[in-house]
Amino acid sequence: MACFPFYDGYVILENHLHLIAASPDLSRDMQRFKAYTAKQIIAYLQQSSSERVLELLALLKRPHKIESEYQVWEEGSHPQLIGSDAVMRQKLDYIHRNPVERGYVDLPEHWRYSSARSYAGLEGLIEVVRDW
């Protein structure tokens, strides 16, 4: 995945994700990230015969999206500049606490789909850059 940005932090939940990333062309790389992951998600759903989910994703597809049958991601993103270590720490704490606030886990590092594991010295699913 060398074409994608460097990830500083993430949390993946059932209906959204938060991602802290750096890239020379973040807009382009986020489009590539969404296209790649959407294809992977759709392929998985098709292989596992998840017809109900596929039907829902087909209903969510925007009419102008004529090149695709399904809509996995919302259009756009909500980038925010992180200009200091203090802001980075605040953003990481916020995203890492999402699963705790939802009552899924007691500690952020217990959520398997989060960079909180890497920051706690545990093995994570996605490599993160921690030397910001």
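Note that these values count all heavy atoms, side chains included, but never hydrogens, waters or copies made by symmetry.
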- prompt: Run the side-chain contact (heavy atoms from CB on, under 4.5 Å) check on Gln46 and Tyr70 step by step: do they pass?
  reply: CA-CA 12 Å; Gln46 289 170 332; Tyr70 305 104; 4.0 Å; yes
With sequence neighbours excluded, what pairs up with [X] under the salt bridge (charged side-chain N to carboxylate O under 4.0 Å, His left out) test?
X	value
Arg102	Glu14
Glu51	none
Glu123	none

Interatomic spacing from [atom1] in [X] to [atom2] in [Y] - rounded to 0.5 Å:
X	Y	atom1	atom2	result
Gln90	Tyr94	CD	OH	9.0 Å
Ser23	Arg32	OG	CZ	9.0 Å
Ser118	Asp8	OG	CG	11.5 Å

- request: Kindly indicate, with the supporting measurements, whether the criterion side-chain contact (heavy atoms from CB on, under 4.5 Å) is fulfilled by Tyr113 and Leu125.
  value: CA-CA 7 Å; Tyr113 307 101; Leu125 295 175; 3.3 Å; yes
Could you tabulate the donor-acceptor pairs under 3.5 Å formed by side-chain atoms of residues 37-45, not counting sequence neighbours?
residue, atom, partner, partner atom, Å
Thr37, OG1, Phe33, O, 2.8
Thr37, OG1, Lys34, O, 3.3
Thr37, OG1, Trp73, NE1, 3.0

Please list every donor-acceptor pair under 3.5 Å in which a side-chain atom of residues 15-22 meets a protein atom from a residue at least two apart or in another chain.
residue, atom, partner, partner atom, Å
His16, NE2, His18, NE2, 3.3
His16, NE2, Asn98, OD1, 3.2
His18, NE2, Asn98, OD1, 3.3

Which pair of heavy atoms, one from [X] and one from [Y], lies closest together, and at what distance?
X	Y	answer
Arg62	Glu75	CG-OE2, 3.4 Å
Gly9	Ser115	CA-OG, 3.2 Å
Ser68	Lys61	O-CD, 2.8 Å

- request: Start with the C-alpha gap between Lys91 and Ile95, add the side-chain angles, then the distance that decides, and say whether side-chain contact (heavy atoms from CB on, under 4.5 Å) holds.
  value: CA-CA 6 Å; Lys91 298 295 183 189; Ile95 69 171; 5.6 Å; no
message: Please determine whether residues Leu56 and Leu13 belong to a single hydrophobic cluster, defined as Ile, Leu, Val, Met, Phe, Trp and Tyr linked transitively by side-chain heavy-atom distances below 4.5 Å.
response: yes
- prompt: Any link between Leu107 and Val100 through a network of hydrophobic side chains (Ile, Leu, Val, Met, Phe, Trp, Tyr) touching at under 4.5 Å?
  reply: no
- prompt: Taking the side chain from Ser114 and the backbone from His96, do they hold a donor-acceptor pair closer than 3.5 Å?
  reply: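 Side chain of Ser114 to backbone of His96: no pair is present.
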message: Taking Val53's backbone N and O only, do any of them form a donor-acceptor pair with Ser50's side chain (distance below 3.5 Å, no angle check)?
response: no
field: Contacts of type side chain to side chain contact (heavy atoms under 4.5 Å, CB included), residue Asp25, not counting sequence neighbours
entry: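 Asp25 satisfies side chain to side chain contact (heavy atoms under 4.5 Å, CB included) with Ser27, Arg28 once adjacent residues are dropped.
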query: Is the closest basic N to carboxylate O distance between Arg89 and Asp93 below 4.0 Å?
result: yes
message: Are there over 12 heavy-atom neighbours, none belonging to Tyr104, within less than 6.0 Å of that residue's OH?
response: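 Correct, the count exceeds 12.
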